[in-house]
Amino acid sequence: MLDLQFICDHRDEVAENCRLRGVTADIDAVVQLREDRNGLIARADELRHRQKEVSAAIPKASADERPGLIEQGRELRAEVTAADEKLRGIEERLREEQSRIPNMTHPDVPVGGEDDASEIRTWGERPQFSFQPRDHVDIAAHLDLIDFEAGARVTGSGFYFLKNDAVLLEMALVQFALTKLRSEGFTLFTTPDLARDSVLEGIGFSPRGNETQIYSVAETDLSLVATAEITLGGIQKDQVLNESELPLRYAGLSHCFRTEAGAAGRATRGIYRVHQFTKVEMFAYTTPDPALSNAVHADILRIEEEIFQALKIPYRVIDTATGDLGGPAYRKFDIEAWMPGRGEAGEYGEVTSASNCTDYQARRLNIRCRNPDRKGTQFAHTLNGTAISCARALVALLENNQQEDGSVVVPEVLRPWVGRDVLTAG
RNA sequence: GGAGAGAUGACAGAGUGGCCGAUUGUGCAGCACUGGAAAUGCUGUGUCCGGGUAACCGGACCGGGGGUUCGAAUCCCCCUCUCUCCGCCA
C-alpha cells in the first residue's frame with residue numbers, strides 16, 4: 001500500500017507508474033474518497049467534541065437543567081454514530097482503491113513485460129554434452145527419484161513424492177542453504193505453513209477470490225502459505241522496531257502451496273511448476289532509507305548467487321521489468337538457472353527472486369521503526385529473496401549434472417549430506 | 001476438550017460509571033547539586049487520525065469487536081491470547 005498523502009501529492013506519477021506496471025487503478029477515486037473522508041472526520045470530531053462538553057456539564061448542572069442536557073447529549077450521540085457509520089463505509093472503499101495501487105518503481109527497472117527484463121550478468125559455463133541431454137523427468141525416472149503417479153493418486157495433479165536419493169538431495173539443499181545463511185548472520189526459523197488472511201493480504205497476496213494463487217482453509221481465516229515471506233513478514237506485524245536493531249535478517253524454511261490458477265498448460269511437465277514445494281526464504285527488515293534497503297537488496301542477491309555458484313549451476317541475473325513486478329516490489333532481481341532439459345536445446349528457468357518492497361508491505365502490516373533521536377515512527381522497509389527453492393533447484397541440478405549413462409553427479413557442497421558422489425540407478 | 005485466573009503506557013503495577021490519556025514506582029532524557037561521578041531534587045517522557053507554516057487545537061486509543069449510558073479502562077455480550085490445574089496426545 002502506498003501512502004495516501006503521497007498518492008494525492010503525486011497523482012500523475014502514480015498514474016504513470018500504474019500504466020507502466022499494467023495495473024488498473026482509479027487514482028481520482030482515491031483522491032475524492034480521501035477528501036470525503038477528511039470532511040467526515042472533521043464533522044464527526046466536532047460532534048464528538050460537543051457531546052463531550054454536554055456530558056461534562058451534566059454533573060455540574062442543576063436538577064432543572066439536567067433533562068434538557070441529557071436529551072441534547074442523546075441527540076448528539078445519534079449524530080456521532082451516524083457520521084461514524086458513513087465514515088467507515090468511505091474508509092473501506094478508500095482502502096480497497098488504495099490497495100489496488102502498486103508500489104512505485106526503481107528508476108533503473110526496465111519498462112515492459114516478461115521479455116523486457118534486462119540481463120544484468122551471467123555466470124558459469126553451460127555444460128557441453130556429448131549426448132542428447134534428458135530433462136529432469138527422464139533423469140528422475142531412470143534413478144527412481146520422483147513418483148508423480150502416486151502424487152496424483154493421493155493428492156492430485158501437481159503433487160509428487162520425492163523418493164530415495166531425491167529426498168536426501170532436498171534435505172541437503174535445505175541444510176546447505178541454512179548453514180550458509182547462519183554464517184551470514186541470519187536468524188533461522190522454521191515457520192508455520194498456515195497464516196491468517198490478514199497477514200497474507202499485508203504481504204500482498206489475495207487469499208480468496210477467483211484468481212487466487214492461495215489455498216484457503218474453509219470456515220477459518222487461515223490459508224496455506226505460498227512462501228515463508230508471508231510468515232517471516234508477519235513476525236513483526238503491528239510491532240515498533242528499534243532502529244538500532246535493524247536490519248533484521250531472517251531465514252525461514254517452509255512448505256509453499258500454490259494453486260497455479262491460470263497457469264494450466266504452462267510447463268506442467270515435471271516439478272518445475274507444482275502445487276507444493278519446500279523453500280528456504282530470506283527476509284529482511286531495514287530502516288526506511290532507500291540507500292540502505294537497496295544495499296540489503298544487493299546483499300540478498302549476492303547470497304543467492306553464491307548459493308548457485310557453490311552448486312556450480314550456470315545462471316543469469318535479470319532485472320525484472322515493470323509489468324512483471326507484481327504489487328509490492330519496488331525492484332526485483334531474479335536468478336534464472338540454466339536448465340539443459342527445457343525446450344529444444346535448454347532454456348533458463350527462474351529459480352530465485354529477490355525483492356525490495358520498500359515500505360509497501362510494512363504500511364499494510366503496520367510495521368514501524370523508531371529512532372530515539374527523532375520524534376514519531378516510520379514504516380520499515382521489507383525485502384525478501386529465495387535462498388533455495390527445492391523443486392526448481394532440483395530441476396537445474398539434475399539436468400546440469402547428468403551424465404551419458406543416466407547417472408547424476410552430486411555437487412561437492414551437498415555430498416556431506418547426501419553421502420555419495422554420484423547418483424546411479426539401482 | 002473441561003475448570004479457573006488474567007490482558008492497562010518501555011517495564012512493573014493502581015484504578016469498579018463523570019475530577020482518568022490514566023496514581024505510583026522503575027527506566028529513559030534534560031536541568032540543578034558535584035572537581036567529576038554516585039546519591040538526591042526538579043522537569044519532561046506514547047501512538048494514530050484531522051486541521052494549522054508553526055506554537056498549538058480537536059478527536060481516537062487501557063487485548064480485539066459489539067452493546068448499555070448524556071457520559072465507560074470501569075457495567076453487559078462475543079472473540080482472541082497468556083497463565084494455572086485436569087484430561088488427551090506426536
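Hydrogens, waters and symmetry mates are skipped; everything else that's a heavy atom, side chains included, is used.
- No cation-pi contact links A/R249 to A/F283, judged by a cut-off of 6.0 Å to the six-membered ring centre and 45° from its axis.
- Proximity of A/H49 to the phosphate of B/rG59: a side-chain N or O atom is located under 4.0 Å from OP1 or OP2.
- Between the P atoms of B/rU45 and B/rA39, the separation comes to 23 Å (whole Å).
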**Dot-bracket encoding of pairs in RNA chain B, which uses [ ] for pseudoknotted crossings and | for another strand, Watson-Crick or G-U under 3.5 angstrom** = ((((((((.[[[..)..(.....]]]((((((.......))))))((((((....)))))).[[[[[..)....]]]]])))))))....

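- Only the C1' atoms considered, B/rU40 is 39 Å distant from B/rG63, to the nearest whole Å.
- Using a 4.0 Å cut-off between charged nitrogen and carboxylate oxygen, A/E71 and A/R74 count as a salt-bridge pair.
- In this structure, the side chain of A/E97 does not engage the main chain of A/V30 through any donor-acceptor pair within 3.5 Å.
- In summary, A/R19 and A/E16 engage in a salt bridge, as defined by a charged side-chain N under 4.0 Å from a carboxylate O.
- Contacts of A/E71 with the nucleic acid, taken as non-hydrogen atoms under 4.0 Å apart, are absent.
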**Request:** Assess whether side chain to side chain contact (heavy atoms under 4.5 Å, CB included) is satisfied between A/N164 and A/L143, documenting all intermediate values.
**Result:** CA-CA 9 Å; A/N164 300 318; A/L143 298 174; over 6 Å; no

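- Ring-centre distance between A/F333 and A/H297: below the 6.0 Å cut-off.
- Spacing of P atoms, B/rC28 relative to B/rA10, comes out at 16 Å, to the nearest Å.
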When you compare the protein's N or O atoms with those of nucleotides 47-50 of chain B, which come within less than 3.5 Å of each other, and at what distance?
{"residue": "B/rU47", "atom": "OP1", "partner": "A/G376", "partner atom": "N", "Å": "3.4"}
{"residue": "B/rU47", "atom": "O3'", "partner": "A/R368", "partner atom": "NH1", "Å": "3.0"}
{"residue": "B/rU47", "atom": "O2'", "partner": "A/R368", "partner atom": "NH1", "Å": "3.1"}
{"residue": "B/rC48", "atom": "OP1", "partner": "A/T377", "partner atom": "OG1", "Å": "2.7"}
{"residue": "B/rC49", "atom": "O3'", "partner": "A/R37", "partner atom": "NH2", "Å": "3.2"}
{"residue": "B/rG50", "atom": "OP1", "partner": "A/R37", "partner atom": "NH1", "Å": "3.4"}

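- Just one residue in the list A/D334, A/T320, A/I335, A/T386 forms a side chain to side chain contact (heavy atoms under 4.5 Å, CB included) with A/E350, and that residue is A/D334.
- Across B/rU34 and B/rU26, the matching C1' atoms stand 25 Å from one another, rounded to whole Å.
- In this structure, A/D84 pairs ionically with A/R48, as a charged nitrogen and a carboxylate oxygen lie closer than 4.0 Å.
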Could you go through residues 305-312 of chain A and list every donor-acceptor pair under 3.5 Å that involves a side-chain atom there, pairing it with any protein atom two or more places apart or in another chain?
{"residue": "A/E305", "atom": "OE1", "partner": "A/R121", "partner atom": "NE", "Å": "3.1"}
{"residue": "A/E305", "atom": "OE1", "partner": "A/Y315", "partner atom": "OH", "Å": "2.6"}
{"residue": "A/E305", "atom": "OE2", "partner": "A/R121", "partner atom": "NE", "Å": "3.2"}
{"residue": "A/E305", "atom": "OE2", "partner": "A/R121", "partner atom": "NH2", "Å": "2.5"}
{"residue": "A/E306", "atom": "OE1", "partner": "A/K180", "partner atom": "NZ", "Å": "2.4"}
{"residue": "A/E306", "atom": "OE2", "partner": "A/R302", "partner atom": "NE", "Å": "3.0"}
{"residue": "A/Q309", "atom": "NE2", "partner": "A/Y315", "partner atom": "OH", "Å": "2.8"}

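- Across all strands, A/R363 comes closer than 4.0 Å to no nucleic acid atom at all (heavy-atom distances).
- Atom name C1', nucleotides B/rG71 and B/rC19: the rounded distance is 13 Å, in whole Å.
- Taking the C1' atom of each, B/rG9 and B/rC61 are spaced 11 Å apart, rounded to whole Å.
- Atom-to-atom, CZ of A/R66 to C1' of B/rG71 comes out at 12 Å; the value is rounded to the nearest Å.
- The aromatic rings of A/Y285 and A/Y250 lie perpendicular to each other, with more than 60° between the two planes, well past the 30° mark.
- Between A/K52 atom NZ and B/rG58 atom P the separation is 9 Å, expressed in whole Å.
- Separating the CD atom of A/E46 from the P atom of B/rC57 is a distance of 16 Å, rounded to the nearest angstrom.
- Side-chain N/O atoms of A/R48 include none lying less than 4.0 angstrom from OP1 or OP2 on B/rG59.
- Checking the phosphate oxygens (OP1, OP2) of B/rC70, no side-chain nitrogen or oxygen of A/Q51 falls inside 4.0 Å.
- Between the side chain of A/R77 and the base of B/rU69, a donor-acceptor pair under 3.5 Å is found.
- At whole-Å resolution of the value, CG in A/D221 and P in B/rG65 are 15 Å apart.
- Counting to the nearest Å, the P atom of B/rG18 and the CG atom of A/L69 are 18 Å from each other.
- B/rU80 and B/rA14 have their C1' atoms separated by 26 Å, given to the nearest Å.
- What separates CZ of A/R88 from P of B/rG65 is a distance of 10 Å, to the nearest Å.
- Distance A/R196 CZ to B/rC81 P: 7 Å, rounded to the nearest Å.
- For A/D138 and A/R269, the salt-bridge test passes: some basic side-chain N is under 4.0 Å from an acidic carboxylate O.
- Taking the P atom of each, B/rG41 and B/rC49 are spaced 38 Å apart, rounded to whole Å.
- When the P atom of B/rC61 is taken as reference, atom CG of A/N366 falls 17 Å away, rounded to whole Å.
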